[in-house]
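Below, chain A is the first sequence line, B the second, and so on; all start at residue 1.
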2 protein chains.
Amino acid sequence: MRLNTKSRYAVMALADMASFNPNKPISLRDISLRQSISLQYLEQIFLKLKKYNIVRSVRGSNGGYVLSKNSNNIKLSEIFSALNENVKTIGCDKNSKKGCNGRSTKCITHDLWDELDLHINAFFENKNLEDLIRN
Amino acid sequence: MRLNTKSRYAVMALADMASFNPNKPISLRDISLRQSISLQYLEQIFLKLKKYNIVRSVRGSNGGYVLSKNSNNIKLSEIFSALNENVKTIGCDKNSKKGCNGRSTKCITHDLWDELDLHINAFFENKNLEDLIRN
DNA sequence: GGATACTTGACTAATTTAGTCGGGTATATA
DNA sequence: TATATACCCGACTAAATTAGTCAAGTATCC
């Protein structure tokens, strides 16, 4: 089990932003240099963060991105949602109450994975950006 | 984030075993049929479970595998360890106290992933096979 | 001796990941 | 108004991982 880099980089980049003046746009170029993340990869990530309203963009020179809320109000769970990385630990179709693998019953471990998902999401639900930079 | 099939199948197969007479060897063929998992894939999985002493094997006809402990004494964390799937959510080198990405300092989110790992492993630490089949 | 069932290593197709590439468009500032 | 800055966006790709299969055993029971 492993998180993908997009999610990790998203959290890193946002934590980076959160430690600066929240009113001044921060360019991806700067984040790229500070965090050693490719600029074009950051662009992909921020596109999603923007769609999900976690940041807003300021175009043009001296532009960049601004957090759209206070950092203590941005939960990590939102960030993962923005990147479609809401924890789905397995392949069972969770919505169909019967039939995981095309069979007629739930698979024997079905409820376990449901519980695990809840457990992990709860962790992200209880952490915000501000928590990260208080160190 | 997603668990791989090996770990999932391992848990399914062991849960399957746990719901039968614990003293009679159970063949992989039977598990394969009941759980719709390829026999040869199960063989790979059980090799690891055996090395880790979670099951023991009985060769020859009427042979199969037997749980080496009571099912209420087999924690899910052991199963994941057996398959080398101990949760490592990220790429940072956790052991080197300084330097995640070849840089001189810990990355900004380093401690977060440590905490997450603990959180997930705790979940598996507190679940055993018996818990799974009590439904 | 034959059937059953475990044992083991090597190989492979498909998918996913982690990016890169290249061409935009909008805006500030000189 | 020119130019540089910086966001915007779709398409592509190399590398790694996953999820298996294949083939050839060995041990034991009946």
- Item | Side-chain N,O (Tyr41(A)) to OP1/OP2 (dC9(D)) below 4.0 Å | no

- Is any side-chain nitrogen or oxygen of Asn4(A) closer than 4.0 Å to OP1 or OP2 of dT16(C)? no

- Message: Pick the closest DNA chain C nucleotide for Val58(A) and for Lys51(B) by heavy atoms, then say which residue is nearer the 5' end.
- Response: Lys51(B)

- Rounded to whole angstroms, how far apart are NZ on Lys24(B) and P on dC29(D)? 16 Å

- Can you check whether Arg8(B) reaches Thr109(A) side chain to side chain, under 4.5 Å on heavy atoms? no

- Query: Got Asn4(B) and Leu83(B) here, is their nearest side-chain heavy-atom distance under 4.5 Å?
  - Reply: no

- Note on the structure: From CD of Gln40(A) across to P of dC7(D) the rounded distance in Å is 12 Å

- Leu39(A) CG to dG22(C) P, straight-line distance once rounded to whole Å: 15 Å

- Message: Rounded to whole Å, please give me the gap between CD1 in Ile31(A) and P in dC7(D).
- Response: 8 Å

- Query: Rounded to the Å, how far apart are Met17(A) CE and dA6(D) P?
  - Reply: 14 Å

- Query: Any donor-acceptor pair under 3.5 Å joining the side chain of Gln44(B) to the base of dG9(C)?
  - Reply: no

- Query: With hydrophobic residues grouped by side-chain heavy-atom distances under 4.5 Å, do Leu118(A) and Leu132(B) end up in a single group?
  - Reply: no

- Interatomic distance, Leu28(A) CG vs dC9(D) P [rounded to whole Å]: 13 Å

- Message: What is the separation between atom CG on Leu47(B) and atom C1' on dG20(D), rounded to the nearest whole Å?
- Response: 16 Å

- Rounded to the nearest Å, what distance is computed from the CZ atom of residue Arg56(A) to the P atom of nucleotide dA26(C)? 19 Å

- Query: For dT17(C), does either OP1 or OP2 sit under 4.0 Å from a side-chain N or O belonging to Lys6(A)?
  - Reply: no

- Query: Does the base of dC8(D) carry an N or O that pairs as donor and acceptor with the side chain of Glu43(A) under 3.5 Å?
  - Reply: yes

- So does Arg29(A) reach the base of dT5(D) with its side chain, donor to acceptor, closer than 3.5 Å? no

- Message: Would the base of dT7(C) count as contacting Arg59(B) through its side chain, where contact means a donor and an acceptor less than 3.5 Å apart?
- Response: no

- Query: Do any side-chain nitrogens or oxygens of Ser27(B) fall under 4.0 Å of OP1 or OP2 in dC6(C)?
  - Reply: no

- So does Tyr9(A) get a side-chain nitrogen or oxygen closer than 4.0 Å to the phosphate oxygens (OP1/OP2) of dG19(C)? yes

- Is the distance from OP1 or OP2 of dA18(C) to the nearest side-chain N or O of Thr5(A) less than 4.0 Å? yes

- Joint hydrophobic cluster, Val66(B) plus Ile79(B), side-chain heavy atoms closer than 4.5 Å: no

- Query: Should the pair His119(A) and Phe123(B) be assigned to parallel (<30°), tilted (30 to 60°) or perpendicular (>60°) ring geometry?
  - Reply: tilted

- Query: Using a cut-off of less than 4.0 Å, is there contact between a side-chain N or O of Asn62(B) and OP1 or OP2 of dC30(D)?
  - Reply: yes

- Item | Of Ile26(A), Asp30(A), Ile31(A), the residue whose pairing with Leu28(A) passes side-chain contact (heavy atoms from CB on, under 4.5 Å) | Ile31(A)

- Look at Ser57(B) and dT7(C) and indicate whether a side-chain polar atom (N or O) is within less than 4.0 Å of OP1 or OP2. yes

- Message: Over all strands shown, is Phe46(B) touching base, sugar-phosphate only, or nothing at heavy-atom distances under 4.0 angstrom?
- Response: nothing

- Task: Describe the nucleic acid contact of Leu42(B) in one word from base, sugar-phosphate, nothing, applying a heavy-atom distance below 4.0 Å.
- Result: nothing

- Give one of base, sugar-phosphate or nothing for Ile26(B), where a contact means two heavy atoms less than 4.0 Å apart. sugar-phosphate

